[in-house]
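Worksheet: the structure to be examined is printed underneath.
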Amino acid sequence: MTRDIPEKPALEGLEEKWDAKWEADATFRFDRSKSRDEIFAIDTPPPTVSGSLHMGSVFGYVQTDANARYQRMTGKEVFYPMGWDDNGLPTERRVQNFYGVRCDPSLPHDPAFVPPSEPPDQPISISRRNFISLCHGLTEEDEKVFEQLWRTLGLSVDWTQSYATIDDHSQRTSQKAFLRNLERGEAYTQDAPVLWDVDFKTAVAQAELEDRERPGFYHRVAFHRPDGEKVFIETTRPELVCSCVALVAHPDDDRYQSIFGSTVTSPLFGVELPILAHELAEPDKGSGVAMICTWGDTTDVTWWRELDLPTRTVIQQNGRFQVEVPEWIDSERGRFVYEQIAGLYPNQARKKMADLLEESGDLEGEPKQVIHPVKFYEKGDRPLEIVSSRQWYIRNGGREDDLRKKLLELGEHLDWVPDFMGVRYKHWVEGLNGDWLISRQRFFGVSIPVWYHLDDQGIPDYDRVIVPAEGSLPVDPTSQAPPGFTEEQRGEPGGFMGDRDIMDTWATSSLTPQIAGHWDDDPDLFARVFPMDIRPQGPEIIRTWLFSTLLRSHYEHGVLPWDHATINGWILDPDRKKMSKSKGNVITPSALIDEYGSEAVRYWACNGRPGTDTAVDFGVMKIGRRLAVKILNASRFALGFGEDVDVSAITQPIDRSMLAGLSEVVERATTAFENYDYARALEVAEASFWSWTDDYLELVKGRAYSNGAEAASAHAALQLSLSVYLRFFAPFLPFVTEEVWSWWREGSVHRAVWPTPGEFEGLTGDERILAATSEVLTAVRRAKSDAKTSMRTALSSLRVSGSEDDLAAVKAAEADLLEAARGTSVGYEAGEFAVTAVLEDA
RNA sequence: GGGCGUUUAGCUCAGUUGGCUAGAGCACUGCCCUUACAAGGCAGGGGUCGGCGGUUCGAGUCCGUCAACGCCCACCA
């Protein structure tokens with residue numbers, strides 16, 4: 001093919017040019033005619049569509065793309081879909097802020113509603129349907145922006161295989177999987193204490209918790225024995241004295257042996273309470289006696305359950321103390337005291353109760369300040385409360401040892417990249433203390449697809465769940481009637497009630513292999529891609545996304561959803577601890593791409609080792625850019641000698657020597673990629689490439705410009721080695737390699753075959769020749785540098801001493817060496833390796 | 001309180017199963033407009049490999065211990 005080499009090659013514009021061409025040629029389109037063993041399937045993480053992407057996303061996605069491109073070049077058909085995680089709370093929050101609205105499910109749908117152009121000061125309340133419609137609209141816009149960024153970055157995904165976690169197909173898959181869990185008894189509903197976010201007014205799962213250090217005060221509070229003696233407890237939550245159901249101490253605590261089984265009355269409220277023993281009580285914490293409330297913390301829940309205590313809830317789902325005085329407070333004084341805190345938030349009630357206890361003399365001493373961990377919803381601003389509520393759960397091994405053991409075993413069979421990430425999974429599964437709570441009292445998500453029978457009184461019977469037929473999915477139980485009922489029977493005695501909750505976003509994204517592989521509606525495709533080859537993702541969502549995907553796959557298919565989990569590292573601020581400079585200086589990926597180019601950003605990402613935390617580093621990006629420019633220029637030289645020459649022309653020892661080295665590099669880079677170590681593959685290829693340009697190119701330059709068989713050998717060797725380097729770099733720098741490839745090759749470099757040692761068969765020589773000659777050349781350059789003269793300065797004499805092998809190696813490339821060094825002859829002598837170069841006029 | 005990871009030149013990081021005279025790039029110094037490349041190229045200076053102790057003929061690499069930093073987990077009395 002004729003070579004079409006630009007005079008001044010440049011990086012600018014390559015992203016748009018090749019993105020358009022790849023799209024037009026369907027270069028990365030998945031060919032579903034391939035069989036499972038010819039396919040490499042990737043369970044791409046669907047990014048959360050809630051505004052802008054950050055560098056952390058770019059980092060992991062580019063690394064995965066490098067692995068994907070390598071696999072494609074080895075001949076695998078790559079199944080590389082892209083999803084958007086748009087369902088769930090992040091989208092709701094973004095819509096609320098963006099439009100200045102809030103969802104009020106009690107309002108009727110307003111078909112004419114248009115959001116104001118500017119968000120108003122006071123949020124406008126809108127119906128659930130209007131709210132969801134805004135969510136859809138905004139996420140669609142965001143998804144376009146995201147897709148554009150991914151394209152600019154050069155992700156080789158097949159854009160015809162995309163999905164959104166809120167689209168009908170995902171909803172159908174999610175509901176179908178849930179119904180199957182329900183049918184097999186893996187999902188169940190139960191009314192129980194749950195961790196509750198009072199602002200979002202939803203239950204929260206264990207995986208979404210985080211502890212935050214908060215200041216609190218230990219209040220030493222007196223309870224009263226019948227004989228008037230005081231029993232002290234210490235609590236940070238005196239406001240919960242009214243919901244106290246018992247006191248507890250450790251069974252072996254000598255101080256309290258005599259009072260176990262007796263009773264006390266609570267201060268101010270005068271409620272009679274037992275003193276019980278339980279080994280979770282810690283003798284050296286506070287006074288050694290704790291009050292059990294329903295519920296101040298998760299230990300309370302444990303005690304309440306294991307000691308079979310009554311339920312005395314006072315905090316409601318809106319986070320406030322209930323207004324009516326609870327019936328277990330029957331004294332006149334108790335009722336009066338409760339009225340002081342009725343309707344308050346816990347922090348308000350806490351101060352009030354502390355005052356009242358002090359007045360009554362039941363608070364001893366000054367409250368002591370402590371810093372203690374408090375449970376928060378990871379997206380929330382106020383401490384979680386524990387309220388009793390009916391929720392849906394999926395069994396996850398948190399309460400069944402057999403299942404837990406099985407899940408641990410599956411985790412051991414998964415190939416973790418890097419290895420140590422596997423322990424995070426292990427610890428998470430070992431630490432599970434309850435089933436997976438999947439229902440959320442929110443709006444933008446996949447509905448829990450069930451209804452409940454209403455009895456003669458109109459009370460729902462949660463044991464009589466009505467399920468839809470699989471063929472009718474997705475369903476919205478709040479607006480559709482169940483099979484065998486009509487809409488008129490909604491809410492009527494003898495009729496039905498639809499479940500109002502939606503599923504947690506993880507309940508849907510735990511099914512990404514099933515969604516992307518079309519388990520629901522294309523079993524042929526699913527069989528070709530599942531179980532998938534890799535699950536790339538961040539370390540922080542091992543406990544959520546990875547674990548839940550594994551669980552759902554185990555339930556539905558009885559297998560691991562993928563063979564390998566490649567876990568990327570964490571992204572650190574460019575100036576790490578130097579926070580002074582980073583004020584308000586948010587780095588967006590698109591800004592970096594604009595400044596340094598996609599190749600540079602990709603290069604930076606691919607330099608981050610698998611699983612290793614990496615700082616945003618502009619210096620590394622600059623190097624990436626320089627490498628890309630170097631590829632353009634070196635290619636211009638290597639291809640500047642006319643038509644292709646057959647490799648049989650490669651006869652010169654130094655050319656064969658270079659190819660011998662390159663053949664080894666091929667093996668090393670390939671091994672690295674086979675272990676999903678894109679970073680090492682890049683490092684190996686890059687080191688080789690720089691010495692190729694610095695030494696080999698300089699050494700053969702003169703000969704390449706000449707004529708005859710010697711020149712032809714150089715031309716053929718340059719062409720073969722360049723072809724190898726372009727393929728080496730194609731996974732990392734897809735645009736510039738494709739650009740150069742197009743100068744002289746048909747088709748895409750991304751569909752070219754990955755280099756193999758077989759390409760060098762019969763073309764290699766002694767590696768030592770190039771190495772030794774390069775050493776001599778470096779010594780000559782040093783001499784010229786020391787003399788502060790131009791590299792063009794001629795040598796009056798050049799003498800090399802070394803072993804017999806060294807000398808033979810240099811001799812084999814003597815003509816090229818003399819040309820590059822500007823010498824006329826080389827003198828050889830046996831001895832220690834040394835080079836003496838004498839300059840003319842020196 | 002437990003677990004995992006990190007700690008190598010001023011900065012950002014490589015260093016695979018122990019053999020290194022410890023590397024790269026940036027930054028720094030000097031030189032060079034050499035016909036692929038001056039938003040380049042060539043050459044150079046710079047490190048007691050976090051501390052201490054151990055195993056070994058030999059340790060940046062293995063073991064123990066301590067420290068700093070980061071992340072994850074942990075029952076809020």
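Atom set for the values below is all heavy atoms of this structure, side chains included, hydrogens, waters and symmetry mates excluded. Below, chain A is the first sequence line, B the second, and so on; all start at residue 1.
As rounded to the nearest Å, B/U8 and B/U48 have C1' atoms that lie 12 Å from one another. Between the C1' atoms of B/C63 and B/U56, the separation comes to 12 Å (whole Å). Using P as the reference atom, B/G60 and B/U55 are 16 Å apart when rounded to the nearest Å. Rounded to a whole angstrom, the distance from the C1' atom of B/C49 to that of B/U7 is 10 Å. Nucleotides B/G10 and B/A67, compared at atom P, are 26 Å apart to the nearest Å. For the P atom pair drawn from B/C73 and B/U17, the interatomic distance equals 30 Å after rounding to whole Å. Going from the P atom of B/C28 to that of B/U34 covers 24 Å, rounded to whole Å. On the C1' atoms, B/C66 is 23 Å away from B/C72, given to the nearest whole Å.
One finds the CZ atom of A/R312 at 9.0 Å from the OG atom of A/S243 (value rounded to the nearest 0.5 Å). Atom CD1 of A/I542 is separated from atom NZ of A/K426 by 14.0 Å, given to the nearest 0.5 angstrom.
Among the nucleotides B/C42, B/C4, B/U16, the one closest to any side-chain atom of A/R781 is B/C42. Candidate nucleotides B/A14, B/G41, B/C75 were compared by shortest atom distance to the side chain of A/T299, and B/C75 ranks first. The A/R424 side chain lies nearest to B/C71 when the options are B/C76, B/C75, B/C71. Candidate nucleotides B/U12, B/A74, B/G70 were compared by shortest atom distance to the side chain of A/A615, and B/U12 ranks first.
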Please tabulate, one pair per line, all N/O donor-acceptor pairs under 3.5 Å involving side-chain atoms of residues 619-630 of chain A, not counting sequence neighbours.
residue : atom : partner : partner atom : Å
A/R625  : NH1  : A/Y596  : O            : 3.1
A/R625  : NH2  : A/E12   : OE2          : 2.7

For residues 601-609 of chain A, run the donor-acceptor check on the side chains, cut-off 3.5 Å, and write out each pair with its distance to 0.1 Å, sequence neighbours left out.
residue : atom : partner : partner atom : Å
A/R602  : NE   : A/F732  : O            : 2.8
A/R602  : NH1  : A/D65   : OD2          : 2.9
A/R602  : NH1  : A/L153  : O            : 2.9
A/R602  : NH1  : A/G154  : O            : 3.2
A/R602  : NH2  : A/D65   : OD2          : 2.7
A/R602  : NH2  : A/P731  : O            : 2.8
A/Y603  : OH   : A/N607  : ND2          : 3.4
A/Y603  : OH   : A/E686  : OE1          : 2.8
A/Y603  : OH   : A/E686  : OE2          : 2.7
A/W604  : NE1  : A/A615  : O            : 3.1
A/N607  : ND2  : A/Y603  : O            : 3.3
A/R609  : NH2  : A/E683  : OE1          : 2.6

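Following rounding to the nearest Å, A/I567 (CD1) and B/C71 (C1') show an atom-to-atom distance of 14 Å. Look at CG on A/L195: it is 13 Å from P on B/C76, rounded to the nearest Å. In this structure, the CE atom of A/M421 is 8 Å from the C1' atom of B/G5, given to the nearest Å. With rounding to whole Å, A/I315 atom CD1 is found 18 Å from B/C76 atom P. Straight-line distance from the CZ atom of A/R543 to the C1' atom of B/C73: 9 Å, rounded to whole Å. Rounded to whole Å, atom P of B/C4 lies 6 Å from atom NE2 of A/H427. Here the C1' atom of nucleotide B/C37 and the CZ atom of A/R636 are 9 Å apart, to the nearest Å.
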**Message:** Base contacts versus sugar-phosphate-only contacts with protein, heavy atoms under 4.0 Å: please encode nucleotides 18-23 of chain B as B, S and - from 5' to 3'.
**Reply:** ------
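Among the protein residues, A/E540 comes within range of no part of the nucleic acid, since none of its heavy atoms lies under 4.0 Å from any strand. A/A687 comes within 4.0 angstrom of nothing in the nucleic acid, heavy atoms only. No contact: A/E686 has no heavy atom under 4.0 Å from any strand. Residue contacts shown for A/S287 are absent, as no nucleic acid heavy atom lies under 4.0 Å away. At a threshold of 4.0 angstrom between heavy atoms, the contacts of A/T235 are confined to the sugar-phosphate backbone, with no base atom among them. A/G296 comes within 4.0 angstrom of a base, heavy atoms only. Across all strands, A/R237 comes closer than 4.0 Å to no nucleic acid atom at all (heavy-atom distances). Note on A/E210: nothing from the nucleic acid sits closer than 4.0 angstrom, heavy atoms only. The residue A/D211 sits close to a base: some heavy atom pair falls under 4.0 Å. When heavy atoms are screened at a 4.0 angstrom cut-off, A/L384 is found touching base atoms of the nucleic acid.
At B/G15, one or more side-chain N or O atoms of A/R680 fall inside 4.0 Å of OP1 or OP2 (strictly under the cut-off). Under 4.0 angstrom from either OP1 or OP2 of B/U34 there lies no side-chain N or O belonging to A/R822. Listed pair A/Q206 / B/C73 fails the phosphate criterion, with no side-chain N or O lying under 4.0 Å from OP1 or OP2. Regarding contacts with the backbone of B/C37, every side-chain N or O of A/T693 stays at 4.0 angstrom or more from both OP1 and OP2.
Salt bridge A/R703/A/D655: present, at least one basic N to carboxylate O contact under 4.0 Å.
Between A/F689 and A/W692, the ring centre distance stays below 6.0 Å. In this structure, A/W196 has its ring center no closer than 6.0 Å to that of A/Y377.
Atom CZ of A/R668 is surrounded by 12 or fewer heavy atoms from other residues, nucleotides or ligands within 6.0 Å. Atom CD of A/Q369 has more than 12 neighbouring heavy atoms from other residues, nucleotides or ligands inside a 6.0 Å radius.
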**For RNA chain B, the dot-bracket pattern of Watson-Crick and G-U pairs whose distances stay under 3.5 Å, | for other-strand partners** = (((((((..((((.....[...)))).(((((.......))))).....(((((..]....))))))))))))....
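Geometrically, A/R543 engages A/W428 in a cation-pi contact defined by less than 6.0 Å to the ring centre and at most 45° from the axis.
Judged purely by distance below 3.5 Å, without hydrogens or angles, the side chains of A/H372 and A/E213 never pair a donor atom with an acceptor atom. A donor atom on one side chain and an acceptor atom on the other are found under 3.5 Å apart for A/Y725 and A/S688. In the model, A/D694 has no side-chain atom that pairs as donor or acceptor with a side-chain atom of A/S691 under 3.5 Å.
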What N/O pairs connect the protein and nucleotides 26-32 of chain B at under 3.5 Å? Give each pair on its own line.
residue : atom : partner : partner atom : Å
B/G30   : O2'  : A/K788  : NZ           : 2.6
B/G30   : N2   : A/S785  : OG           : 3.2

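Taking every heavy atom of residues 366-375 of chain A and every atom of RNA chain B, pairs under 4.0 Å involve A/H372, A/P373, A/V374, A/K375, by number.
Checking A/E683 against A/M291, the closest nucleotide of RNA chain B that is more toward the 5' end is the one next to A/E683.
Side chain of A/R404 to backbone of A/L432: a donor-acceptor contact under 3.5 angstrom is found.
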